Asker: 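Quick one: the structure is below, questions incoming.
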Amino acid sequence: MGTRESDVNPFLRDNFAPWRMEGVAEDLEVVGAVPRELNGTWFRNGPNPAFEPGGRYHWFDGDGMIHAITLRDGRAHYRNRYVGSGGLAEERAAGQAVYPGLLDMNASEAPRFKNTGNTNIVWHADRLLALMEAALPTRMDPATLATVGEFDFDGRLMGPMTAHPKLDPRTGEMLFFGYSPFPPWLQYHVADRAGRLVRTEPIDIAWPSMIHDFAVTADHVVFILCPLVFSFENLRERGGAFSWEPDRGTRLGVMSRSGGNADVRWFETDPCYLFHAMNAYEDGGAVVVDVARYRRLDFMTPRAARDPGYGDDTAARMHRWRIDLARGGVSSTPLDDVICEFPRVDERRVGRPHRFGYAAVRETAADGGLPVWTAVRRYDLQRGTAETRRFGDGNGVGEPLFVPRTDAADEDDGWVLVLVYDRGRNASDFWILDGRDIAGEPVARVVLPHRIPYGFHGNWVAS
Ligand SMILES: [Fe+2]
């Protein structure tokens with residue numbers, strides 16, 4: 001008997017292990033009281049391999065699974081379902097994994113590719129889209145979580161779509177991009193309020209890279225090119241498709257939203273990597289971008305598939321870039337010294353000045369070098385202060401999400417929603433925290449019937 005990947009890969013164990021049942025649980029136990037004003041559904045996506053992987057597994061590879069928590073009239077309901085990709089259908093027919101991991105470039109045949117749809121789930125123009133950055137969106141039915149199928153904007157989207165589109169709260173547009181290791185390396189897209197793809201613009205970049213996120217303001221978009229370089233030369237010797245080349249520095253490409261590729265101005269800053277920007281905005285002739293910044297990135301090496309080595313030196317911290325459009329130059333300022341990921345702002349502030357931000361954090365390196373965060377942090381970036389709610393060692397949290405009390409409520413008047421693993425119960429809870437007092441008495445805790453594996457991103461859809 002050979003060793004199974006799930007015996008040796010930490011991303012298949014503990015609360016990273018997949019949950020392989022799909023189901024519905026109505027009227028969940030609630031400790032405290034779900035606010036009556038909070039009506040809607042929180043959707044969350046994450047990797048959840050349906051079968052024992054046939055080769056080396058990377059956390060980013062698993063089949064997408066959507067978890068939906070619906071709050072209505074003070075009651076809470078849960079449902080979960082796989083993103084039903086064509087690749088998953090093949091594997092179900094075969095009764096085992098068929099696709100190698102995304103990073104398995106050593107296969108004797110050309111690597112086959114599955115649109116796992118495993119990274120984010122967004123609602124735009126009455127469509128619920130599961131996203132993964134190497135492929136088209138996958139449209140889902142919001143009521144049943146059934147997979148409708150890949151969505152290509154009526155044949156207009158050629159190429160992949162980032163998992164981090166930006167929804168402009170003023171125009172209703174969805175701004176996004178797609179990157180590729182093959183030309184064109186980067187394309188910018190705009191879907192209008194009605195969900196029609198109205199613009200596609202190839203953007204020239206200096207090298208092909210894995211670009212996970214970008215930032216937008218009222219007037220500009222900011223492309224972020226880090227020195228993680230796609231390279232298909234000597235793949236076997238180097239052991240992967242990415243190389244970390246810090247001598248290149250990091251480049252920030254600022255483009256007017258009314259302009260195009262010819263108008264992109266590139267600004268240089270220190271080498272770094274980032275998965276996620278918190279937000280960006282215009283500030284008197286400058287563009288401010290707040291990001292969760294890694295000094296370097298080790299996470300995409302083949303070694304990292306089983307041993308991510310996520311620790312003090314290799315984790316992200318909140319950081320601010322101020323790009324001076326008038327005089328040129330980027331000022332680069334740390335905002336915090338606590339390890340963080342999954343930064344978010346109030347969605348009504350996207351592209352506009354934000355005072356508050358939220359992230360999953362951890363205060364000590366632990367958990368065998370795994371990317372596990374055990375607290376939620378709320379930043380007051382105007383005062384330069386932060387408040388932390390801790391959930392205890394081993395009780396990992398996901399991406400925190402602020403939901404306003406009403407459309408017109410103040411920026412911090414609402415709730416922070418976060419999914420937390422309870423190691424003692426080996427199950428997850430959905431916490432509703434007071435946006436103005438996240439460390440105080442929780443508003444409610446929804447007790448879920450089982451654990452939800454650590455995953456990626458979620459969003460709230462009001463009803
Ligand atoms: Fe992400």
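Atoms considered below: every heavy atom in the structure, side chains included; atoms not considered: hydrogens, waters and symmetry mates. Every value quoted in this text rests on a predicted model; they were computed, and no experiment measured them. In each ligand, atom 1 is the first atom listed, and ligand 1 is the first ligand listed. The residues of the chain are indexed from 1 along the displayed sequence.
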Asker: Is the closest basic N to carboxylate O distance between Arg295 and Asp313 below 4.0 Å?
Answerer: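 Yes.
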Asker: If the plane angle is over 60° it's perpendicular, under 30° parallel, otherwise tilted; pick one for Phe342 and His276.
Answerer: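 Tilted.
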Asker: Could you tell me how the ring of Phe151 sits relative to the ring of Phe153: parallel (under 30°), tilted (30 to 60°) or perpendicular (over 60°)?
Answerer: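 The rings of Phe151 and Phe153 sit tilted, inter-plane angle from 30° to 60°.
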Asker: Tyr421 vs Tyr454 aromatic rings, parallel, tilted or perpendicular, using cut-offs 30° and 60°?
Answerer: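 Taking Tyr454 first and then Tyr421, their aromatic rings stand perpendicular (interplane angle over 60°).
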Asker: Using ring pair (Phe, Tyr, Trp, His ring centres under 6.0 Å), reason through Phe177 and Tyr188 one step at a time and then give a plain yes or no.
Answerer: CA-CA 4 Å; Phe177 67 92; Tyr188 170 65; 8.8 Å; no
Asker: Run through the protein N/O/S atoms less than 2.8 Å from the Fe ion (ligand 1) and write them out by chain and number.
Answerer: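 Checking every protein N, O and S atom gives His164 NE2, His212 NE2, His276 NE2, His457 NE2.
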Asker: Any carboxylate oxygen within less than 4.0 angstrom of a Lys/Arg side-chain nitrogen, looking at Arg170 and Glu173?
Answerer: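 Salt bridge flag = no for Glu173 with Arg170.
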